[in-house]
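Accompanying notes for the structure given below.
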Amino acid sequence: PDSVTSPMEILQAWDDMTDMDIEVWSDGDFGLSGSFSSDTEEKIRKKRSKYFISKCLLHHKNARRQWVILVDVEEFVTYNTIHEDEPVHESDCGNDSAHEEELKGETEDIYPPFPVPSSLMKNVSFRNELPPLGEMTIVDYLKREKYFKPWYNRACVTMPRVLIGSNSSGWERLDLIHRHMPPGFDAKNFDTLRHRVHAKVDNWYANLYGKVILDVNRLAKEDLEFPAFSIHRPYFYKCPYAYPCFDKSMLKVNRYLGSFETFSAGLRRKRKQIAKIYKEKASLIDGGADDDMRPWLNQFVGLVGEAEAHDLTSYLIVNATEEMKNLTKTLSEQNISKISNSKQIKSSEDDEISWDNNPYNETDGISACLLIKDENHRLPEWLAYHYTVLPLRDLVVAIDPESTQSPLFILQRWNDTTDMNITLWTDEDYGHPTFKIPENHNLTSETSFIVGRTIHRNRQRHFIPECLRYHKHTGRQWVVIIDADEFVTFNTPHQDEPVQRDLCGNDSTEEERLKYRTKEIYAPFATPSSHNKTNSVRSELPFLGEMTVLDYIKREKTFAPWYNQSCVSMPRVLFGSNSSGVHHFTQIHRDVPQEFNANLFDTLRYRVHANIHNWYANLYGKVIVDVNRIADYVFEKPAYSVHRPCLERCPYSYPCFNESMLKIHHYLGSFKTYSARSDIRRNAKFYTSKKSLIDGGTNDDVRPWLTHFVNFVGVKRAHYLTSDMIISSRKDLILV
């Protein structure tokens, strides 16, 4: 329950695409509930582990399974193949151990329900008869050896652990790391292939206690009614010892230390303390190199196919160079890595995209600047929508350092499987010092809100100009500056549209909008004299799906505002839900591909909007900027605001709705998604007050986008790119 990221999207992919059965449990599912306020963090962790193990084993027994392993996520079970340079085991181990814990109980031999054939010459399994990894699965090996010890007489077999990581010995040469790799995969993205150096196999201080594999059919149900003794030795009278002899064990567990970034994931408040532990662990890795596990990836690709193998391991594809850079800095105490702009475009036989025939090339798209905080639940839809409608092709994402979620796995998936270039920034990437409200502050809630808002706005003001400058220097042109709950679309006129009665645009009398007169920045080409119009008009706007926003701007490039404005304001319209009955099921699901659930998409689920001229509901607009027409010196100072970044270039922050060619749908969403972000403003009272303003009728202008997205990328890939939204809400909320 203390996890800050949800594994649901990964588990869902495996559950959907393979024959693996996966269940997700919370504390209540294995009988652990109540308050632990009097216990230390370590006691709570151990108690949770003990309760979980017993209930998990009982679950597998009731499901008529047999062998069950108990390992952690950084541990990998493999054969304990003999090596010529293997040292002699000199320390106490197994039943000879002098450790008090292992001598605390006596073990019982639990024989299987079949006799050993008298014709067999041996009574124990031998390591020199172990198959190489890939030649035989472990369960096939267990079946082959079922008449021999320890498989014949043990219900619980202990496997020694070996710590594996990296050092400066030269064993991590690229030619060795990438040896025998299937095409299209990078060994540096896999701990089991990248890290080859291990600790001495008999160094207890490096490897610690072993882990176990249990035959639950030989455990009585009453044995499983009590919490386990420990993860290393769940049941005294069934599990022989927690420190097995390495040279007598048939299976072993490779435990990967990994990079410091992965080692310290989820421990951002303890990274300084954890760095010392990591360094001490790494210093113990001096026992030589081991490539026993190297064949597994080839076997996996051969089993599931290259396309599915890419899909199922796509979360691992992180640029190793950037990860090593992150090793030397704290990244504002966040577990966030930069994303590489390198491409690994995938294809599959049944759902192939021809990137050579892609209607949008990498330089022919719209760019965006996005500052987010705990927006993982919105991000897949935002990316898919703008990838289709704009089309979005270059994106810079900045992470608020107080975020409890990292969007890395979502952004990496898009970066690797589409022609979208995504770059991830932290405060230091755009020259902004990290400010936070101390956790032990004694500020009132009102003061805390004001301070937090000031810090956030200051972060925005530094991020925006640096992001605009970045896009300019990388050869981009039009850049949108919006939030993750905002979606750009055409401002198509409607017959029931109310008349604008309040002041807007250049007619505004508000002091902020009159503070500066805007300079008209004309495009570097003359307006053809044959044109009868000087301005773009709403009556000539295309419907969404007929033309991308970029193609429309190109068509209208000789007309205002595209010709004479380098910064064009777009009005916002608040969307949400009310009790008017306009959320009828058939309307929500109309024109939605049958493979998708409209209720998972804010842009399809919420059709009711506020009155388009209600400033208190919709507030200020946002902008789309032509960075090629703005001089670099403009980006040298902080932005005025997110609504009007460059005062002398952006005309006004409250544009006239009936004169605007583009608009922004701003989605309030459900209260669960609205309050998911840690922000004291996002409370039930504020949500209710915003929701009460949503009374302006319905609008389905954006409805076609999902159909066009599916047609463009294919059903399978569309599911994959939006899979984070296809999650059981109950399980997701438990985990998040």
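For this chain, numbers begin at 1 and follow the sequence in order. Just so we're clear, the structure is a prediction, and the values are computed from it rather than from any experiment.
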Checklist line | Stepwise side-chain contact (heavy atoms from CB on, under 4.5 Å) test for Val253 and Ile69 | finding: CA-CA 11 Å; Val253 178; Ile69 59 170; over 6 Å; no
Notebook entry, point to check: Would Leu411 and Leu383 satisfy side-chain contact (heavy atoms from CB on, under 4.5 Å), going step by step from the backbone distance to the final call?
Noted result: CA-CA 9 Å; Leu411 301 177; Leu383 290 165; 4.1 Å; yes
Check: side-chain contact (heavy atoms from CB on, under 4.5 Å) between Arg233 and Thr158: does it pass, once the steps are laid out?
Finding: CA-CA 8 Å; Arg233 192 179 182 186; Thr158 309; over 6 Å; no
Check: Yes or no on ring-ring contact (aromatic ring centres under 6.0 Å, His included) for His232 and Tyr243, after CA distance, side-chain angles and deciding distance?
Finding: CA-CA 9 Å; His232 308 285; Tyr243 186 45; over 10 Å; no
Checklist line | side-chain contact (heavy atoms from CB on, under 4.5 Å) between Trp67 and Val216, worked out | finding: CA-CA 6 Å; Trp67 290 101; Val216 290; over 6 Å; no
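The 12-atom threshold is not exceeded at NZ of Lys55, counting heavy atoms of other residues, nucleotides or ligands nearer than 6.0 Å. The environment of NZ in Lys46 is sparse: at most 12 heavy-atom neighbours from other residues, nucleotides or ligands sit within 6.0 Å.
Note: Tyr256 and Phe76 have perpendicular aromatic rings, judged against thresholds of 30 and 60 degrees for the angle between ring planes. Under the 30°/60° scheme for interplanar angles, the aromatic rings of Tyr141 and Trp151 are found to stand perpendicular. Between Phe190 and Phe185, the ring planes are tilted. Angles from 30° to 60° get that label.
Within the 3.5 Å criterion, the main-chain N or O of Ser406 finds a donor-acceptor partner in the side chain of Asn376. The main-chain N or O of Asn203 is found under 3.5 Å from a side-chain atom of Asn207 such that the two form a donor-acceptor pair. The main-chain N or O of Ile422 is found under 3.5 Å from a side-chain atom of Asn415 such that the two form a donor-acceptor pair. The main-chain N or O of Tyr209 is found under 3.5 Å from a side-chain atom of Arg161 such that the two form a donor-acceptor pair. In this structure a side-chain-to-backbone donor-acceptor pair under 3.5 Å is present from Asn80 to Ser249. Between the Asp16 side chain and the Ala13 main chain, no donor and acceptor come within less than 3.5 Å of each other. Under the 3.5 Å distance criterion, the side-chain polar atoms of His719 are matched with a main-chain donor or acceptor of Glu595.
With sequence neighbours left out, Thr78 forms a side chain to side chain contact (heavy atoms under 4.5 Å, CB included) with Leu133, Lys252, Asn254, Met293. Not a single side-chain hydrogen bond (donor to acceptor under 3.5 Å, both in side chains) links Arg255 to another residue, sequence neighbours left out. With sequence neighbours left out, the salt bridge (Lys or Arg N to Asp or Glu O under 4.0 Å) criterion links Asp72 to Lys211. In this view, Asn217 satisfies the side-chain hydrogen bond (donor to acceptor under 3.5 Å, both in side chains) rule with no residue, not counting sequence neighbours. Take Lys200 and apply the salt bridge (Lys or Arg N to Asp or Glu O under 4.0 Å) test, not counting sequence neighbours, and it matches Asp286. Residues that satisfy the ring-ring contact (aromatic ring centres under 6.0 Å, His included) test with Phe30, not counting sequence neighbours, are Phe52. Applying the side chain to side chain contact (heavy atoms under 4.5 Å, CB included) rule to Ile82 yields the partners Arg127, Asn128; only residues at least two apart in sequence or on another chain are considered. Applying the salt bridge (Lys or Arg N to Asp or Glu O under 4.0 Å) criterion to Asp223, with sequence neighbours excluded, gives Lys238. Listed by chain and number, the residues in a side chain to side chain contact (heavy atoms under 4.5 Å, CB included) with Leu58 are Asn62, Lys221, Leu224 (sequence neighbours excluded). Remark: Thr192 pairs with Trp296 by the side-chain hydrogen bond (donor to acceptor under 3.5 Å, both in side chains) rule, at least two apart or across chains. Scanning for side chain to side chain contact (heavy atoms under 4.5 Å, CB included) contacts around Asp19 gives an empty result, with sequence neighbours left out. For Glu308, the salt bridge (Lys or Arg N to Asp or Glu O under 4.0 Å) partners are Lys716, not counting sequence neighbours.
For Leu721 against Pro380, the heavy-atom pair with the smallest separation is O-CB, 3.8 Å. In terms of heavy atoms, Val710 sits closest to Phe596 at CG2-CE1, 3.6 Å. Residues Arg218 and Ala155 come closest through the heavy atom pair CB-CB, 3.8 Å. Taking every heavy atom of both residues into account, Cys239 and Leu214 meet most closely at SG-CD2, 4.2 Å. Minimum interatomic distance between Val301 and Ala309 (heavy atoms only, all atoms of both residues): CG2-CB, 3.9 Å. Across every non-hydrogen atom of Leu193 and Met181, the tightest pair is CD1-SD, 3.3 Å.
Taken from CG in Leu284 to NE2 in His198, the straight-line distance is 13.5 Å, to the nearest 0.5 Å. Between the OG1 atom of Thr18 and the CG atom of Asp311 there is a distance of 12.0 Å, given to the nearest 0.5 Å. In this structure, OG1 on Thr722 lies 8.0 Å from CH2 on Trp414, to the nearest 0.5 angstrom. Here the straight-line distance linking atom CD of Glu145 with atom OG of Ser125 works out to 3.5 Å at 0.5 Å rounding. For the atom pair Asp215 CG and Arg65 CZ, the distance stands at 14.0 Å (nearest 0.5 Å). Atom CD1 of Ile164 and atom CD of Glu74 lie 12.0 Å apart (nearest 0.5 Å).
Residues Val201 and Pro160 are not in side-chain contact: their nearest non-hydrogen atoms beyond the backbone lie 4.5 Å or more apart. You'll find the side chain of Ile285 reaches within 4.5 Å of the side chain of Leu257, heavy atoms only. With a 4.5 Å cut-off on side-chain heavy atoms, Pro234 and Phe229 do not count as touching. You'll find the side chain of Leu70 reaches within 4.5 Å of the side chain of Ile53, heavy atoms only. Side-chain contact check for Ile213 versus Val68: every heavy-atom pair is 4.5 Å or farther apart. The side-chain heavy atoms of Pro132 and Glu135, taken from C-beta on, include a pair separated by under 4.5 Å. The side-chain heavy atoms of Arg196 and Asp290, taken from C-beta on, include no pair separated by under 4.5 Å.
With salt bridges taken as basic N to acidic carboxylate O contacts below 4.0 Å, one links Arg294 and Asp291. Of the charged side-chain nitrogens involved, at least one lies within less than 4.0 Å of a carboxylate oxygen, so that Asp27 and Arg48 count as a salt-bridged pair.
For the 3.5 Å distance criterion, the side chains of His83 and Asp292 qualify, holding a donor opposite an acceptor.
Remark: Arg413 is positioned above the aromatic ring of Tyr720, its terminal NZ or CZ atom under 6.0 angstrom from the ring centre and at most 45 degrees off the axis.
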